[in-house]
Amino acid sequence: AELSQMRRTVNRHMCELVVNRGQLIRQLKALKDVFFLARGEFWQTFVEDGASTFFREPTFSKSARTLAERAFAGAAASSGFDADPFFDRFTLYLDEPAFGFQGFSSSPTSTSVDASWQ
C-alpha cells in the first residue's frame, strides 16, 4: 500500500515536471511541424528559395552548409516560422556529399576497394 502511494506521488510529480513545466505538448507540436512537414508553407518556401542555392557550386568563402543555413533562415523568416518559440532549437545540418580515403572512393562508378588496411 505504501509502495503504491509512493509510486502515485512520484508519477504525479513527474507528470507535472514533464508535461506542464517542460511544455511537452508544445515541444511535440514543434517536432511535428518540422519533421512531419506540418508547416508546409515553410518547407515549400525552403525548397523554392533554396533551389538556386542548392544547385550552386560552393566557393571558398561560402560553404554549402552556410548557403543552406541561409536558405533555412530565409524560409523561416518569410513563412513566419521563425516566430515559433522553439524555432531557435532547430539547426540544419548537411553531410558532406562525398568522402574517400586511400584505396576507396564514394563514386558510384568505382567498385574497387583496397583491403590492405585490414
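Everything numeric in this text was worked out from a predicted model, so none of it was measured.
Shortest non-hydrogen contact noted between N20 and E16 is ND2-OE1, 2.8 Å. When all heavy atoms of P85 and R26 are compared, the closest pair comes out as CG-NH2, 2.8 Å. Contact record, E41 with T45: O-OG1, 2.8 Å, taken as the closest heavy-atom pair. Closest heavy-atom contact between D82 and A77: OD2-CA, 3.5 Å.
In this structure, CG in D33 is found 10.5 Å from CH2 in W43, a value given to the nearest 0.5 Å. Once rounded to the nearest 0.5 Å, the distance linking CD of Q44 with CG of L37 reads 11.0 Å. Here the CZ-SG distance, from R8 to C15, works out to 15.0 Å after rounding to the nearest 0.5 Å.
The hydrophobic cluster containing L28 also contains F87, counting ILVMFWY residues as joined when their side-chain heavy atoms lie under 4.5 angstrom apart, directly or transitively.
In this structure, the side chains of Q27 and L31 stay at 4.5 Å or more apart for every pair of heavy atoms. The side-chain heavy atoms of K29 and I25, taken from C-beta on, include no pair separated by under 4.5 Å.
Aromatic ring pairs are classed by plane angle as parallel below 30°, tilted from 30° to 60° and perpendicular above 60°; the pair F42 and F46 is parallel.
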